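Structure record follows, encoded as structure tokens.
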Amino acid sequence: MATRGNMVVAQSGGPTMVINRSLIGIINEALKYSDIEYILGGKYGLEGILQEKFIDLRKEASRRLDIIARSPGAALGSCRLRPDTEICKRLFQIFKKYNVKYFFYIGGNDSAKAASIVNKIAKDEN
């Protein structure tokens, strides 16, 4: 049995319908798992997470999520912050504070880099 924890999802880069559809797909899938207690949306990408600006995505009505999925933009807000190891270490500390076990960062190359660095830190910290 998996340990209960929380999930954070955030967006970065250019706002498009694709990142909104990805967001809704992630939320809908997360809702299926009882070991995910809170589904937190990080407002404005890494910048919002670093400021601990979260919204509870479990409270969003399914009709509203469907509208977001069909809309261009970045429903959670976006940023262009380029991640480095120090930024990702701060993210990891925030994730520990909020018992985050799952992190999804929707965007392009910089988003993938941030997720990769956080993953490495998580592995190093077990």
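FYI, side chains are in, hydrogens and waters are out, and symmetry mates aren't considered; it's all heavy atoms of this structure. Index from 1, following the sequence. These numbers were taken from a predicted model, which means no experiment stands behind them.
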How far apart are the closest heavy atoms of P15 and A74, and which atoms are they? CB-N, 3.5 Å
With no hydrogens and no angle check, is any side-chain donor or acceptor of R58 less than 3.5 Å from a backbone partner on L40? no
Distance check, rounded to the nearest 0.5 Å: E37 atom CD versus N99 atom CG? 7.5 Å
Check the hydrophobic clustering (I, L, V, M, F, W, Y; side-chain heavy atoms under 4.5 Å; chains of links allowed) and say if L23 and M7 are grouped together. yes
Would a distance-only check, ignoring hydrogens and angles, find a side-chain to backbone donor-acceptor pair under 3.5 Å from S22 to V18? yes
Would you confirm whether N20, through its side chain, and A69, through its main-chain N or O, come within 3.5 Å as a donor-acceptor pair? no
Show your working on salt bridge (charged side-chain N to carboxylate O under 4.0 Å, His left out) between D110 and R82 and close with a plain yes or no. CA-CA 6 Å; D110 289 337; R82 293 192 181 267; 2.9 Å; yes
Check the pair S12, S111 against side-chain hydrogen bond (donor to acceptor under 3.5 Å, both in side chains), reporting the backbone distance first and the verdict last. CA-CA 7 Å; S12 74; S111 305; 2.3 Å; yes
Do L57 and Y98 sit in one hydrophobic cluster, given that two such residues count as connected whenever their side-chain heavy atoms are within less than 4.5 Å of each other, even indirectly? no
Examine I27 and Y38 and state if one hydrophobic cluster contains both, with Ile, Leu, Val, Met, Phe, Trp and Tyr joined whenever side-chain heavy atoms are less than 4.5 Å apart. no
Mind checking whether Y33 and L65 sit in one hydrophobic cluster, side chains of I, L, V, M, F, W, Y counted as touching below 4.5 Å? yes
Sub-3.5 Å donor-acceptor pair from the side chain of S71 to the main-chain atoms of I67, do we have one? yes
Closest heavy-atom pair, A10 versus I49, reported as atoms and distance to 0.1 Å, is CB-CD1, 3.9 Å
Tell me whether L50 is reachable from L76 by hopping between hydrophobic residues (I, L, V, M, F, W, Y) whose side-chain heavy atoms are closer than 4.5 Å. no
Report yes or no: does Q11 contribute a side-chain atom to a donor-acceptor pair with the main-chain N or O of G45 at less than 3.5 Å? no
Just checking Y105 against F103, ring centres under 6.0 Å apart? yes
Quick one: does N6's side chain get under 4.5 Å of I36's, heavy atoms only? no
Can you give each donor-acceptor pair under 3.5 Å made by side-chain atoms of residues 119-126, sequence neighbours left out, with the distance rounded to 0.1 Å?
residue : atom : partner : partner atom : Å
K120    : NZ   : D124    : OD2          : 2.9

Contact check, side chains of V8 and Y102, non-hydrogen atoms, under 4.5 Å: no
Just by modelled atom types, is the R70 backbone N or O under 3.5 Å from a matching donor or acceptor in the R21 side chain? no
Qualifying residues under salt bridge (Lys or Arg N to Asp or Glu O under 4.0 Å), relative to K113, sequence neighbours excluded: none
Interatomic distance, L31 atom CG to I26 atom CD1 [nearest 0.5 angstrom]: 12.0 Å
Between the CD1 atom in I39 and the CZ atom in F104, the distance rounded to the nearest 0.5 Å is 10.0 Å
With a sphere of 6.0 Å drawn around OH of Y44, does it hold more than 12 non-hydrogen atoms of other residues, nucleotides or ligands? no
Nearest-0.5 Å distance, CD1 of residue I94 to CD of residue E52: 5.0 Å
To the nearest 0.5 Å, what is the distance between CG (L46) and CZ (R80)? 12.5 Å
Shortest non-hydrogen contact between G14 and I19, atoms and distance: O-CD1, 3.7 Å
So how far is it from K43 NZ to C79 SG, rounded to the nearest 0.5 Å? 13.5 Å
Answer yes or no: does atom NZ of K101 have more than 12 heavy-atom neighbours from other residues, nucleotides or ligands under 6.0 Å? yes
